[in-house]
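When a ligand or atom number is given, it counts from 1 through the structure's own listing order.
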Amino acid sequence: MIELPRDSGLSGYTLLAAQLEALLADERDLVANASQFAAFLFHEVEGLNWAGFYLARGDELVLGPFQGRVACVRIPLGRGVCGTAAASRQTQRVDDVHAFPGHIACDSASNSELVIPLVKDGRLIGVLDLDSPLPARFSEADQQGLEALAAIFLRLTDC
Ligand code: SME
């Protein structure tokens with residue numbers, strides 16, 4: 001039984017960080033932890049229609065554990081929002097995906113997107129991709145909070 005902090009006085013991303021630490025504390029497997037993290041984000045972060053991973057495989061990203069509608073499976077590094085985040089190793093926070101050159105539309109309901117590159121010991125592991133039907137869903141504070149969650153995932157997972 002995993003005890004997730006609830007009445008701790010924590011809130012927002014500080015609470016989510018404490019919950020994620022508890023959720024991943026006893027397991028280090030990549031598929032298991034990525035699956036748990038995707039489900040956790042999809043249900044705990046408001047306004048998402050997709051949350052999940054693309055994993056680096058050679059010069060492509062390949063679909064990993066996710067929650068949401070079925071998605072494109074392979075994305076070349078440098079293509080779309082995910083491929084740009086992977087190639088540049090820079091978070092991509094996109095208020096309007098329709099204005100992003102080369103955006104890959106997996107779900108026409110998506111309007112904004114946040115993609116965080118996952119880099120461990122200098123190696124690109126993949127990206128964490130969050131999509132929203134809301135325009136400009138992700139603020140600077142969301143980016144910082146979600147990057148902190150991604151760092152917890154990387155620290156607690158063998159990859
Ligand atoms: N929109 C992404 C593709 C992945 S889906 O959103 C799940 C992109 O342009 O890279």
Side-chain angles (χ1 to χ4, degrees), residues 12-13 16-17 19-20 23-24 27 29-159:
Y13 285 106
L16 293 183
Q19 291 177 322
L20 184 63
L23 181 63
L24 303 184
E27 181 56 62
D29 182 82
L30 173 61
V31 173
N33 282 3
S35 301
Q36 293 281 57
F37 190 18
F40 176 75
L41 289 170
F42 190 73
H43 291 284
E44 301 302 330
V45 177
E46 285 180 17
L48 302 183
N49 63 332
W50 204 90
F53 291 84
Y54 282 90
L55 300 173
R57 298 283 184 264
D59 57 3
E60 289 182 315
L61 296 170
V62 179
L63 184 63
F66 72 95
Q67 300 268 309
R69 289 187 181 276
V70 295
C72 7
V73 175
R74 290 179 186 267
I75 298 175
L77 294 185
R79 268 211 63 202
V81 186
C82 290
T84 299
S88 65
R89 299 187 176 199
Q90 303 269 335
T91 295
Q92 302 295 305
R93 181 157 57 89
V94 181
D95 287 346
D96 176 5
V97 294
H98 308 291
F100 190 96
H103 167 249
I104 302 163
C106 293
D107 182 346
S108 60
S110 297
N111 281 310
S112 59
E113 184 161 0
L114 182 75
V115 183
I116 298 171
L118 302 171
V119 178
K120 187 165 184 172
D121 303 327
R123 287 172 295 115
L124 179 72
I125 307 301
V127 301
L128 173 64
D129 181 16
L130 303 174
D131 287 18
S132 174
L134 304 171
R137 161 66 185 82
F138 304 101
S139 65
E140 173 66 33
D142 288 312
Q143 178 177 337
Q144 286 181 13
L146 290 158
E147 286 175 342
L149 297 184
I152 291 170
F153 165 78
L154 284 173
R155 174 166 51 78
L156 296 180
T157 302
D158 291 332
C159 51

- Between D142 and R137, is there a salt bridge with N-O shorter than 4.0 Å? yes
- Item | Criterion ring pair (Phe, Tyr, Trp, His ring centres under 6.0 Å) against F53, the qualifying member of F66, F42, F153 | F153
- Task: Starting from atom 8 (C) of ligand 1, locate the nearest protein heavy atom and write down its residue, its atom name and how far away it is, to 0.1 Å.
- Result: V81 N, 3.4 Å
- Distance filter under 4.0 Å to W50 heavy atoms, resulting ligand 1 atoms: 7 (C)
- Query: So which heavy atom on S110 is nearest to which on D131, and how close?
  - Reply: OG-OD2, 3.3 Å
- Item | Any donor-acceptor pair under 3.5 Å from R123 side chain to C159 backbone | yes
- List the closest protein heavy-atom neighbour of atom 1 (N) of ligand 1: residue, atom name, distance to the nearest 0.1 Å. I104 O, 2.7 Å
- Heavy-atom contacts with H103 under 4.0 Å: which atoms of ligand 1 show up? List them by number with element. 1 (N), 9 (O)
- Tell me, which protein residue and heavy-atom name are nearest atom 2 (C) of ligand 1, and how many Å apart are they? E113 OE2, 3.2 Å
- Residue, atom and distance of the protein heavy atom nearest atom 10 (O) of ligand 1 read C82 N, 2.8 Å
- Query: S112 side chain to L134 main-chain N or O, any donor-acceptor pair under 3.5 Å?
  - Reply: yes
- Query: Just heavy atoms, cut-off under 4.0 Å: does F66 contact ligand 1 by side chain, backbone, both, or neither?
  - Reply: neither
- Starting from atom 5 (S) of ligand 1, locate the nearest protein heavy atom and write down its residue, its atom name and how far away it is, to 0.1 Å. C106 SG, 3.2 Å
- Name the closest protein heavy atom to atom 4 (C) of ligand 1, giving the residue it belongs to and the distance to 0.1 Å. D129 OD2, 3.4 Å
- Query: Has F100 got any heavy atom lying under 4.0 angstrom from an atom of ligand 1?
  - Reply: no
- Look at the side chain of E60 and the backbone N and O of V62, then say whether any donor-acceptor pair between them is shorter than 3.5 Å. no
- Are L61 and L77 close enough, and set up right, to give a side chain to side chain contact (heavy atoms under 4.5 Å, CB included), and what steps lead you there? CA-CA 7 Å; L61 296 170; L77 294 185; 4.0 Å; yes
- Just need the protein heavy atom nearest to atom 6 (O) of ligand 1, so name the residue and atom and give the distance. D131 OD2, 2.6 Å
- Message: Determine whether a donor-acceptor pair (N or O, by modelled atom type, separation under 3.5 Å) exists between the side chain of R69 and the backbone of N49.
- Response: no
